[in-house]
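Below is one structure; the comments refer to it alone.
Here the structure is a predicted model, which means the values were calculated and not measured. First the proteins, then the strands, lettered A, B, ... as listed; each starts at 1.
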Number of protein chains: 4
Amino acid sequence: MGGRRLRPQGRRHQGRGREIASRTGRPPQHELPLRRRRQIIEAAYEVFTAQGYEATAISAVAARAGIGQGTVYRYFGSKREILDHVIDFGIEKVMASVQLPELLGTATSVAELTDAVRSAADRVYDLVEREPQLLRLLLVEAGAIDPELAQRLLGLEAITAALVAAELTRGVDAGWIRPDLDTGVLSHAIVMMVGPGLLRQLHGVSDPHERRRTTATLLHLLEKALRLPSVAS
Amino acid sequence: MGGRRLRPQGRRHQGRGREIASRTGRPPQHELPLRRRRQIIEAAYEVFTAQGYEATAISAVAARAGIGQGTVYRYFGSKREILDHVIDFGIEKVMASVQLPELLGTATSVAELTDAVRSAADRVYDLVEREPQLLRLLLVEAGAIDPELAQRLLGLEAITAALVAAELTRGVDAGWIRPDLDTGVLSHAIVMMVGPGLLRQLHGVSDPHERRRTTATLLHLLEKALRLPSVAS
Amino acid sequence: MGGRRLRPQGRRHQGRGREIASRTGRPPQHELPLRRRRQIIEAAYEVFTAQGYEATAISAVAARAGIGQGTVYRYFGSKREILDHVIDFGIEKVMASVQLPELLGTATSVAELTDAVRSAADRVYDLVEREPQLLRLLLVEAGAIDPELAQRLLGLEAITAALVAAELTRGVDAGWIRPDLDTGVLSHAIVMMVGPGLLRQLHGVSDPHERRRTTATLLHLLEKALRLPSVAS
Amino acid sequence: MGGRRLRPQGRRHQGRGREIASRTGRPPQHELPLRRRRQIIEAAYEVFTAQGYEATAISAVAARAGIGQGTVYRYFGSKREILDHVIDFGIEKVMASVQLPELLGTATSVAELTDAVRSAADRVYDLVEREPQLLRLLLVEAGAIDPELAQRLLGLEAITAALVAAELTRGVDAGWIRPDLDTGVLSHAIVMMVGPGLLRQLHGVSDPHERRRTTATLLHLLEKALRLPSVAS
DNA sequence: AATGAATGAGCTTTCATTCAT
DNA sequence: CATGAATGAAAGCTCATTCAT
């Protein structure tokens, strides 16, 4: 009953592991574990982003969380497992910032759609401007440590692209996007539009003006690409 | 007499002092240092790409090169210095594969230009298909370890974009590219066109068909963007 | 609550951060840190004196103390820092053995003063007879490693000489030491009187008879030097 | 013929080893070995005094001597063996500087004897002023590395004291030194008179004025101690 | 449940010594 | 003989993980 020994699973990364506390209806110590885990993840997020994963000692995570080192190991099986969750935490931050679903689904014209894309791009840029290390954590640390973590980022891109593709399809169906387009490819291209800007940000070059120019230019191209062929032809 | 002595920066080697009494003895190997360095760099390239820089011990590099640990330090001052050269080695691989200069400078129409871009993209894809870890090394490891290394990569992108921008300008001047374009932004966008494909490759998804479709679609957009407005409209 | 926490300078321990959630768990051992430090210092004293500082590995200190290497670094930041404390430990041994303050301040004649000096010399000799390596540690190791440590020893000699000088001045003021003496120089000379004996001891020659003869002879000279000129002459 | 393989003696210090090239009457390569050895010893003296024995790599000795590392091992069996000879070299320097035999044997009065002692002391001080590291090498490095080396220094002191003792005895015999003295003890005390000054110098405190005052005071005491009892008594 | 003391494997780096040339 | 390339043992130090309390 209620087995939650996390340790004996061995010492190397084994899948994910959110199997805790999901059997409803037992009030007592049910929430502490989750709160503790959250507490540790947030502390780890802070120190990992500040100094990098490898350079961060568990003791630093524990100190930041205001708990003992041993306690960390009651809630996570290994340092690596914490990184798993920190990456998730970071991805959630991105999702929460961009709020893509809120932006999509309402456009009724190419112009409205490009506006939505612009908004999304702006939000991404705002986020990485506010938390420059987040980008590094997601793009670099995650990928450097483990391919599996990288997969999760790919998943983020894929989901985003899928949402965009749906929007494109909706526009095609509604008749305000020209139909002879490969929406799948295009959706990925749209998502990757932020690539150059992020790459620059990642490497410490932060030039909002340049970024806006890039976004504007690419959106202009996008607009022309999506728009219905002019009536004349 | 005869400037040989190509040994590394040799932080520890202190001068030589007097040059007396060096008439005899095993003559310094002129080529050995370079060959050894190459040998170590290639070994390091293999283990760094396989396990990541941080996770790789110098002993692993030495073992891979078939030499003793101490020997590694005869040719490089530190593990970090080896990474420097490994990154350079990787960049050279990319440059050698893509052979961008050979592709550019000859186009006389938008179609020829897009063909050149397609060729470059294909070569990049071929390379990362052959050496999947190279990408990881350059994009991830380099950035993770040191900002200076990251700058070098950013520089690579910048140089490439500059070459492309020059080509675009040439086309504009020659009259076969429409003049109302931001060639700077566009050149970066063109370079980043390989982004989605590389991202997939980076994460282990290798789908040549998908890739070709992506390339084709984006090049199609590019073509439309560059082409002069048709006289009729 | 209540200021406990006497841990070392703890270069690596980063604050604590928040003090929440520390109600339970194994309470911090108040005495342990001090006992452990003492334990390590004593072990280090033994191995440093036996083999020399440079020739001693931290692992030897740890083994001698019956603890793990890592534990040593919980209590001291570096090998060098341990030497600091070992030297202090040695100096304390000397001070505790000689008990100079107890010998001085009571003499009321040259004879009593020379008796006090003889007692001090005897105690020094007794100590180095009991712990021959102590001398080596203080005179040789300390000076060899770091000028700062050497200063500490020089300070020890200076303090001792100052105490003796005060005693001489007291004798001059009281009229039982002839006034035309350079008490500063003489006090150093008195302290250095043990020099020949220590030098022998340091080099493994231990001849109590010879030593007593030396002490007696030098004290005899001292007595003549200090004594008031006989009224007759 | 003429076996001079120095290597196979093992790898740890084995006695001294000057068994080379002492079979007279063979002109050819007879001198090179000695010159080479001298060359190496002098180079080692320079780097050992400059940086300390432990901190000096054999490669530094070789570089300083302008020869290859391997060559060093053709003339000496180990680093430790080189130190042996460097210490001897240092002792020779001291002996050559002080030229004690030249100072002694001529005094015909206490005043002349104390003058000779003062001269000797001055020469010692001059030497350590000129080569401050020599002192450190002899007193500290030698003692720290190996007790056997320290013995050699003790020998130096013993020889010097013996010379002084002979002089004292001569004075006693000649009737200008009072006969009721322990010449053995006194000779050591005289030699140790330079102790305080050397100790200061060793620790970086160089105060010629203070030193002269000390010497003067002690010599004054010595003079009174040696002088015949005044006629009156 | 929580703690922090303890550990040892493992890291990078140095260097005395050997030996093929 | 002379050389310098090669080596591997060993050093100081770090830190993820365990476990007695």
In whole angstrom, what separates B:Leu83's CG from E:dT12's P?
-> 12 Å
Test side-chain contact (heavy atoms from CB on, under 4.5 Å) applied to B:Phe76 and B:Ile40, B:Leu83, B:Thr71, B:Ile58, the passing residue | B:Ile40
Could you give the OH-to-P distance, from A:Tyr53 to F:dT14, as a whole number of Å?
-> 19 Å
Within this structure, what is the CD-to-P distance between C:Gln69 and F:dT17, rounded to whole angstrom?
-> 20 Å
CD of B:Gln51 versus C1' of E:dG10: gap in Å, rounded?
-> 14 Å
Under 3.5 Å, side-chain donor or acceptor atoms of residues 59-69 of chain C against the rest of the protein: list the pairs with distances, not counting sequence neighbours.
{"residue": "C:Arg64", "atom": "NE", "partner": "C:Glu46", "partner atom": "OE1", "Å": "2.5"}
{"residue": "C:Arg64", "atom": "NH2", "partner": "C:Glu46", "partner atom": "OE1", "Å": "2.4"}

For C:Arg36 and E:dA6, is the shortest distance between a side-chain N/O and OP1 or OP2 below 4.0 Å?
-> yes
Near DNA chain E, which residues from residues 55-65 of chain C have a heavy atom under 4.0 Å away?
-> none
Toward the 5' end of DNA chain F, which comes first, D:Val72 or A:Lys79, by nearest nucleotide?
-> D:Val72
Residue whose closest nucleotide on DNA chain F lies nearer the 5' end, C:Gly70 versus B:Gly68 = B:Gly68
Nearest-neighbour nucleotide for the C:Ile67 side chain, E:dG4, F:dG12, E:dT7 considered = E:dT7
Sorted by chain and number, sequence neighbours left out, salt bridge (Lys or Arg N to Asp or Glu O under 4.0 Å) with A:Arg38 holds for A:Glu42, A:Glu92
Tell me: CZ of B:Arg37 to C1' of F:dA6, nearest whole Å?
-> 17 Å
Please name the pair of heavy atoms, one in D:Ile41 and one in D:Phe89, separated by the smallest distance, quoted to 0.1 Å.
-> CG2-CB, 3.8 Å
Got A:Glu81 and A:His85 here, is their nearest side-chain heavy-atom distance under 4.5 Å?
-> yes
Are any of C:Tyr73's side-chain N or O atoms less than 4.0 Å away from OP1 or OP2 of F:dC13?
-> yes
Take atom CD1 of D:Ile40 and atom C1' of F:dC1, then tell me their distance rounded to the nearest Å.
-> 13 Å
B:Phe76 CZ - E:dT12 C1' separation (whole Å) = 16 Å
D:Glu81 CD to E:dA16 P, straight-line distance once rounded to whole Å = 15 Å
Nearest to side-chain heavy atoms of D:Thr71, which nucleotide of E:dA6, E:dT3, F:dT3 | F:dT3
Under-4.0 Å side-chain N/O to phosphate OP1/OP2 contact, A:Tyr75 with E:dA1 = no
Closest approach of C:Lys79 to C:Tyr73 (non-hydrogen atoms, all atoms of both residues) = N-OH, 4.3 Å
Side-chain (B:Tyr53) to main-chain (B:Leu137) donor-acceptor, under 3.5 angstrom = no
Distance test, side-chain N/O of C:Arg74 to OP1/OP2 of F:dT14, below 4.0 Å | no
Secondary structure string for DNA chain F (Watson-Crick or G-U under 3.5 angstrom, | for other-strand pairs) | .||||||||||||||||||||
